[in-house]
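Notes for the one structure printed next.
One-based numbering, in listed order, for ligands and for the atoms of each. We're numbering straight along the sequence, starting at 1. We use all heavy atoms of the structure for the numbers below, so side chains are in, but hydrogens, waters and symmetry mates are not.
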Amino acid sequence: MSPVTLGRLSSSLFIIFILVFHFSFPCHGDVGTAAHYSPPYIPSGCYGGDATQFPSSNLFAAAGDGIWDNGAACGREYIVRCISAEEPRTCIPDQSIQIKIVDYVASAVSLPSINGTTMVLSDMAFGTIANASATFINIEFQQL
Ligand SMILES: *[C@@H]1O[C@H](CO)[C@@H](O)[C@H](O)[C@H]1NC(C)=O
Ligand SMILES: *[C@@H]1O[C@H](CO)[C@@H](O)[C@H](O)[C@H]1NC(C)=O
């Protein structure tokens, strides 16, 4: 193959890559990881333990260090989608959830299923987008 053909081929591949990427991630969120945690849910990191701040949907999360933002994360809402996991078919296809940050992982009363993730979802939130028995998932998330 001549260098010119090779150049054309790689730029076509590049365009295809961009298109695939664009359509796989239509809302251009960030990519991260999510664990889950179980009751008791006490929002000590955000609302001084005042559980009336929980969304009635029970779809909430504790912020990991990456998004905690020195406490500014409290009350922020995100759209979260499961994109992959170690075990195939862990993600529930075409499911996304809207969650509210109600706590800080490092000070949460309940321990997460694994340490070091971007956020830790309530069991109900996690189970809505993935197989609840997974330890963690890769997510796409976008702040509202
Ligand atoms: C996460 O870290 C905490 C505190 O260091 C530790 O007690 C806990 O066992 C860790 N959890 C996991 C799943 O490794
Ligand atoms: C969830 O994962 C567990 C453990 O990998 C598996 O046994 C179970 O069949 C899965 N459930 C669904 C609904 O895929």
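Side-chain contact annotation: Asn58 with Tyr41, donor-acceptor N/O pair under 3.5 Å absent.
Regarding atom 8 (C) of ligand 2, its nearest protein heavy-atom neighbour is Asn131 ND2, 3.7 Å. What sits closest to atom 11 (N) of ligand 1 on the protein, heavy atoms only, is Asn115 ND2, 3.0 Å. Protein heavy atom closest to atom 9 (O) of ligand 1, with residue, atom name and distance, is Leu111 CD1, 4.5 Å.
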inquiry  = Using side chain to side chain contact (heavy atoms under 4.5 Å, CB included), reason through Ile79 and Leu144 one step at a time and then give a plain yes or no.
reply    = CA-CA 7 Å; Ile79 298 284; Leu144 293 175; 3.6 Å; yes
task = Decide salt bridge (charged side-chain N to carboxylate O under 4.0 Å, His left out) for Arg81 and Asp94; before the verdict, give the C-alpha distance in whole Å, the side-chain angles of both, and the deciding distance to 0.1 Å.
result = CA-CA 8 Å; Arg81 200 160 70 82; Asp94 303 319; over 6 Å; no
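Taking a distance limit of 4.0 Å, we find that atom 14 (O) of ligand 2 is approached by some protein heavy atom. Atom 5 (O) of ligand 1 is not flagged as protein-proximal [any protein heavy atom, distance under 4.0 Å].
Distances below 4.0 Å separate heavy atoms of Ser113 from the following atoms of ligand 1: 13 (C). Against a heavy-atom cut-off of under 4.0 Å, Ser133 is close to the following atoms of ligand 2: 1 (C), 2 (O), 3 (C), 4 (C).
Residue contacts with ligand 2: Arg89 is placed with no nitrogen or oxygen under 3.5 Å of a nitrogen or oxygen of the ligand (distance criterion only).
Side chain of Glu140 to backbone of Val31: no donor-acceptor contact under 3.5 angstrom is found.
Nearest heavy-atom pair across Ala73 and Ile67 is CB-O, 3.2 Å.
Using a 4.0 Å cut-off between a side-chain N of Lys or Arg and a carboxylate O of Asp or Glu, Lys100 and Glu77 do not qualify as a salt bridge.
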